[in-house]
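What you are looking at is a predicted structure, and each value in this text was computed from that prediction instead of being measured.
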Amino acid sequence: NAGVTQTPKFRILKIGQSMTLQCTQDMNHNYMYWYRQDPGMGLKLIYYSVGAGITDKGEVPNGYNVSRSTTEDFPLRLELAAPSQTSVYFCASILGREAFFGQGTRLTVV
Amino acid sequence: QKEVEQNSGPLSVPEGAIASLNCTYSDRVSQSFFWYRQYSGKSPELIMSIYSNGDKEDGRFTAQLNKASQYVSLLIRDSQPSDSATYLCAVLRRALTFGSGTRLQVQP
């Protein structure tokens, strides 16, 4: 997964806590995406961005927020964690024919 | 109708056979198409991308795109047990939308 870095890899949150999942890419990709993947399920798009300063909602945006102040960074914010947000979160970036995923963040809300 | 549809499988093929994975999409304005492979507990990894109608080959993999039929497929020749994974089709316009994936099992 060259070039897309996600942190942290694992996190346990208590209900109502907040956190930011970090995603950084050093390939100068314009398009960046956040997905969640529940066990045995496919990838659901949370938010995406086609460039700095531009963000759009995906299929499941409720409970999340994003910002894109630079081309490199696309953080995902959870404001009031709920058990339903327990999942694996993936960040991805694309430019033309290059498309990469980060290694994922496994989040558990208890 | 889902934006990107795949048969969930499992698709079971014997070692050395050709595995054929299919995907249909609903947005006619889609620009680019990607095939990813995902092993259990890992992040998706890009196999190949395709943009133009026709075939594109990369080693044992061939992607086929038919925009008129809104259909994209992936052929895996000489399938190996290490190819056993979930294969994800993705379609790009602005959002990158994934199908639910097809689980492939290659039997030794």
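- Around atom CZ of A:R106, no more than 12 heavy atoms belonging to other residues, nucleotides or ligands sit under 6.0 Å away.
- Looking at B:Q6, there are no atoms closer than 4.5 Å to chain A (heavy atoms on both sides), in backbone or side chain.
- If you chain together hydrophobic residues whose side chains sit under 4.5 Å apart, B:V72 and B:F61 fall into the same group.
- Contacts with chain A were tallied for B:A95, B:S32, B:S8, B:S49; B:A95 has the most, counting heavy-atom pairs under 4.5 Å.
- Heavy atoms only, all atoms of each residue included: A:G96 and B:F34 are closest at O-CZ, 4.0 Å.
- Under a hydrophobic-cluster definition in which Ile, Leu, Val, Met, Phe, Trp and Tyr are linked whenever side-chain heavy atoms come within less than 4.5 Å, directly or via other members, A:W34 and A:M19 are assigned to the same cluster.
- A:Y31 places no side-chain N or O within donor-acceptor distance of the main-chain N or O of B:L96, the cut-off being under 3.5 Å.
- Taking a 6.0 Å sphere around CD1 of A:I12, one finds it holds 12 or fewer heavy atoms contributed by other residues, nucleotides or ligands.
- A distance of 9.5 Å separates CG in B:L46 from CZ in A:F101, rounded to the nearest 0.5 Å.
- Residue B:I50 is not grouped with residue B:L75 when hydrophobic side chains (ILVMFWY) are merged at heavy-atom distances under 4.5 angstrom, including chains of intermediate members.
- Taking B:R103, B:Q31, B:M48, B:Q38 one by one and counting their heavy-atom pairs under 4.5 Å with chain A, the maximum is reached by B:Q38.
- Distance check: B:F98 CZ to A:Q37 CD gives 9.5 Å after rounding to the nearest 0.5 Å.
- Taking OG1 of B:T97 as the reference point, atom OH of A:Y33 lies at 8.5 Å (rounded to 0.5 Å).
- Looking at B:L92, the atoms closer than 4.5 Å to chain A (heavy atoms on both sides) all sit in the side chain, from C-beta outward.
- Closest non-hydrogen pair, B:S43 versus A:G102, comes out as CB-O, 3.1 Å.
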* B:K42 and A:Q103: CA distance, side-chain angles, deciding distance, side-chain contact (heavy atoms from CB on, under 4.5 Å) verdict -> CA-CA 7 Å; B:K42 302 294 186 182; A:Q103 294 199 345; over 6 Å; no

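- In this structure, B:Y36 is not a member of the same hydrophobic cluster as A:L95, with clusters built from ILVMFWY side-chain heavy atoms closer than 4.5 Å.
- By the rule that hydrophobic residues join a cluster once side-chain heavy atoms approach within less than 4.5 Å of another member, A:V109 and A:V88 end up as members of separate clusters.
- Contact annotation for residues 39-50 of chain A against chain B (heavy-atom separation below 4.5 Å, listed by residue number): A:G42, A:L43, A:L45, A:Y48, A:V50.
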